[in-house]
Each structure stands twice: as C-alpha cells, then as structure tokens.
Engineer: 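Starting off with a structure, shown below.
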Protein chains: 2
Amino acid sequence: MDDVPLTIARTSAGDPARTIELLWRRPGARPAQRGPRQGHTVDEVVAAAIAVADEEGLDATTMRRVAQALGIGTMSLYTYVPGKAELLDLMLDTVLGQMPRPDLADLPWRARLEAVARANLTLYERHPWMLAVSTTRPPLGPGVLAKYEHELRAFEGLGLGDVEMDAALTYLLGFVHASARSAADQRAAQNDAMTDEQWWAVSSPLLARLSDEAAYPTASRVGAAAGAAHQAAYSADHAYEFGLERVLDGLQVLIERR
Amino acid sequence: MDDVPLTIARTSAGDPARTIELLWRRPGARPAQRGPRQGHTVDEVVAAAIAVADEEGLDATTMRRVAQALGIGTMSLYTYVPGKAELLDLMLDTVLGQMPRPDLADLPWRARLEAVARANLTLYERHPWMLAVSTTRPPLGPGVLAKYEHELRAFEGLGLGDVEMDAALTYLLGFVHASARSAADQRAAQNDAMTDEQWWAVSSPLLARLSDEAAYPTASRVGAAAGAAHQAAYSADHAYEFGLERVLDGLQVLIERR
DNA sequence: CAGTACATCGTACTATGTACGGAGTTATGC
DNA sequence: GCATAACTCCGTACATAGTACGATGTACTG
C-alpha cells in the first residue's frame, strides 16, 4: 500500500495533476477567496455535459453546447475545467460513480458476474456516448475506483489470484463492451432503415459479384442466416446471452481447476 | 441467395450506393470519357491514407494530409472519394482484404480459432487507427466479405448452427478487439511515462483519499498487483493469452454439448 | 485606497471538412 | 473546325469546434 503503482492513464493531454484534483474534488473544499463567486459548480458543469451527451450524442457535446445548456459564455466554461478532454474524464468518472452497487455477496458466483455484466450493459445503453470514448483505463477517479472495488468483489472466493481477478474482470468487461457496441450499431442500422428500392440500388453490384463468383459460400449462407436473425427483435439480447454463457463457461473451466 | 438480407451498415453518412460502388470497383472499369485523365487511382488514394494513418494516427489523417502525401490539392481528393467517411470505409475494407488467409483446414479447431484471433490482433497492431473506428460492421466490401468467409470456415465442422457460427465469431472478434484496445492503451501509458516527481504530484491527493478511508480494500490490493504486473513486459500478451483460453474453453463447453 | 486575485466572456486564431465555381482539358456531334 | 458538354484540378470561402488571450468587472487584503 505504500508504493501503489496503480496505473494512471488518461484521455487528457492536459495536466494530470489537475485532472486528478478535479476528479477528487470535495464539495466543501476551500473556494476562491477573492473576486466574484462562481455561478455554477464543477458538478453542475459535468451534469450538464452528461445530459447533452445522453440526449444528443458525443459529437454534439461541444464546449459551446454545454455552455449554452448552462446559460453561460463558452469561454466561462474554462474556469471550471481546463479543457474538453478533462471534461470527458469527469463525465466518465461521474456516470461510473452513479451506477447502482447492490450487495451481491449472497449470490452464487455466476449470478454475481451476470449482475456485473448486466449493470455495465445497462450503463452503455443509458449513456451510449461512452462507446465513443477510446480508453479502457480512465483516470483513477472515485467513480472508477468504486466500480472496480464493487466488481472485483464479485470475483472473491473463487480461488483466483489477484492478477487473475483483474484479468477475469477485464475479460468480462471487454465482452460487455463489445456487446454494447454491436447492439448500438444494430440500433443505428435500424434507424437508417432503407426503402426496398434503395436497398436494391445499393445491393445490385454486390449481388452481381456474389453470383458471378460464388466466392463466398460460407459467408453467404451464414450471413443470410445471421442477417435474417438480425432483422428480428431477437438479435442483440440473444447474442449477448450467448456470449455471456461462453464467458461464464470459460471462467467456470478455470475456477473448477482450483 | 435470392433474397440475401446481408446486413448493410456503414460509417458513412453519404450515399450508400456510391460507397458500395467504390468498394467493389474494378481496375479495368470504364473510365471517364472526356476531360483530363486522373493522375491517381482510388487504390492509390486509399493506400496513401492508410500509410498516413499507420504512421501518424487517425487524427493526423486529414484530407489535407492525404492530399499532401499524394502531391495533389486537397480539393482534388474529392474527385476520388466523396468524403472522409467514405475514405475511412475504403481504408478499412482494404486492410481487411490484405490480411493473410492461410488454409487452416488441417488444424484442430482450437488452433484454427487461435490463428484467427492472432491474425486479428496482429491487424490491430499493424493498424492501430482501426481501434478508433467505431463500427463493428463496416460496409460489405470485398475485404470484409473475404475475411468473414475465411474466419467462418474456422468454425466449420463443430456442430454449430449458422446463427451460432456468426455469434461465436462475433464473440471471438469482440474479445480480440478488447484485447487490442487494452494493449494499445498500455502502450500509450508507457509512452507517457511520468517522472517520479510527476507521479507523486499526481498521486498524493489520491493516496490521501485511499489512506483516509480504506474504502477500497479489494481494489487497492488487486490494483496494486495488477499495476505491478502491468509495469512488467508480461502484461499485454499474458492478458491476451488468459482471455483467449477463457474464450476457447467457453466455446469448448458449447461444442462438447453437440 | 491601491494592488491583487478571480470570474466572465468577446474576439480572434488555428485547424478541419467541404461547398462552390473558375480555369483548363478532352471528347462528341454537327 | 467549332460549340457544347463532360470531366479534372483546385483556390477561395464558409461553417464548425477548441481554445489563447486580454479587457472588464468584482471582491478581498494590507
């Protein structure tokens, strides 16, 4: 505990110290002593940014847009956060901190892991913009740490070593992230539904190619079946359940070796 | 085969027909009949863009930068591709099309899947910018289709149904993607290595918080172990191997039920 | 009261994608 | 041969987004 090389990574190209300082800010912290009082708090800024991102997506979440939501000038925003990247870090940490964290201790391990996975999937559904954030390791803010603590607990008592616990959690969360991406893409594709004639306009060169060469027998067959499945409401959640079973079975093999 | 609802999704907000047309362009296709001949081909444009992205990252791969690499004016680029999003689609399809596709038929199924996974991981290592592309389903170009065909073949003979094959492949590729992201983040963090005094400046508020509250017992313990592991060269490939074993074990449980 | 700290925010700059139209080149049809 | 149309190249200008910089106003300190 006295030499904790907890990995510190950040999306921000700014000052790491300032990012951490903001992440771990306290409500009663010593405010500025002179000059006018700020009209908002960092919490309010972050909340406004999250609301805009949830409602309009990350592309629309510009400094101008967030400032507008708060009723302040764009450049005023920079008195709260040093830059956009830091704002993103704060947004991420905040939504992670807001996740429900029920006590899972009495559940069997598979149910615990399922609960963790489901909570993460729900998080992505509620905040789709998170998928557009590229880092797997945000800065170590209170939300990140509380989440990590809670989720690691789901792996306790399974006979895994510390590094294995981290790796197993990473594995589970990686799967959920991939599922969330896939589901989001599918929703986007459905929202872009094409008319039949548009579809034919797009597809005719493709179909010609497929017919000419029969170069893709397996892909044609499987793709057709998968495509048909994807038109049904079945798809995203079923794919998730399939994958989660694979994930849990894979972990079960490991756990039963202990 | 006569009503192939192959899912068509795209990163482009442009004309889907034009995207597909470009993806499936042929070298000997009928060129323009009038006006000066183009100085480059679409292939050359895409190759230049890939080279820039590989070398400098996706953020640096601006239309201006690609045009400069080709020695043409920025706006000339638009006579080859309608926009940046389409260029991205073309880049993606091209690198997928360039993947080696050895015949895996004589290998046992786990080795086949390992080969598929490793090829995908290598692809991300060679083209890290791919991680910044958000879609799980690029447009159906020749590269995407050839890759899909090749990879599905690795799942043949395992007793899986068509939809299951697609889901299993999705599951495997999702894992690889997550691993690639994690490895890339780690490389980035190492390249950002902080001096000891920078580290203390950043970490002291964090350590104070951890010490004050002992609120994160598991996270502290596991995070320390995982952090230490991550400082070693061990980490990324070991995490990948750990996860791949889980993936394969999880699939094995399924396959052995058939 | 003068000086300092601090909040607000307009202006201007950099960077990026691309609409638009001018200039030049090549083919077609009369 | 010429007018017209198709086509390539590309400069200019515009919209958008992040943010540096400094002017203005407010509140505290000695």
Engineer: How about A/Glu44: does its CD atom have over 12 heavy atoms from other parts shown lying under 6.0 Å from it?
Structural biologist: yes
Engineer: Examine C/dT8: is either OP1 or OP2 under 4.0 Å from a nitrogen or oxygen in the side chain of A/Thr79? Give yes or no.
Structural biologist: yes
Engineer: Map A/Gln33 and B/Pro82 onto DNA chain C by nearest heavy atom, then report which one ends up closer to the 5' terminus.
Structural biologist: A/Gln33
Engineer: State which of C/dT8, D/dT29, D/dC9 makes the closest approach to the side chain of A/Arg34.
Structural biologist: D/dT29
Engineer: B/Asn120 and B/Lys147: side-chain contact (heavy atoms from CB on, under 4.5 Å), yes or no, with the steps?
Structural biologist: CA-CA 10 Å; B/Asn120 274 274; B/Lys147 178 178 187 288; 2.9 Å; yes
Engineer: Taking the six-membered ring for Trp, are A/His177 and B/His177 parallel (under 30°), tilted (30 to 60°) or perpendicular (over 60°)?
Structural biologist: parallel
Engineer: Go through residues 55-69 of chain A and report each residue with a non-hydrogen atom lying under 4.0 Å from DNA chain C, sorted by number.
Structural biologist: none
Engineer: Over all heavy atoms of both residues, which pair between B/Arg101 and B/Leu96 is shortest? Give the atoms and the distance, please.
Structural biologist: NH1-O, 3.4 Å
Engineer: What is the ring orientation for A/Tyr171 with B/Phe175, classed by angle as parallel under 30°, tilted 30 to 60°, or perpendicular over 60°?
Structural biologist: perpendicular
Engineer: Does atom CZ of B/Arg118 have more than 12 heavy-atom neighbours from other groups under 6.0 Å away?
Structural biologist: yes
Engineer: Please walk me through it: do A/Val81 and A/Arg18 pass side-chain contact (heavy atoms from CB on, under 4.5 Å)?
Structural biologist: CA-CA 9 Å; A/Val81 294; A/Arg18 180 71 179 128; over 6 Å; no
Engineer: When B/Thr94 is tested against each of B/Val46, B/Leu23, B/Asp43, B/Val42 for side-chain contact (heavy atoms from CB on, under 4.5 Å), which residue passes?
Structural biologist: B/Val46
Engineer: Tell me: OH of B/Tyr80 to P of C/dT18, nearest whole Å?
Structural biologist: 17 Å
Engineer: Scan residues 70-78 of chain A against DNA chain C and write down, sorted by residue number, each residue with any heavy atom closer than 4.0 Å; if none is found, say none.
Structural biologist: A/Ile72, A/Gly73, A/Met75, A/Ser76
Engineer: Take atom NZ of B/Lys84 and atom P of D/dT16, then tell me their distance rounded to the nearest Å.
Structural biologist: 19 Å
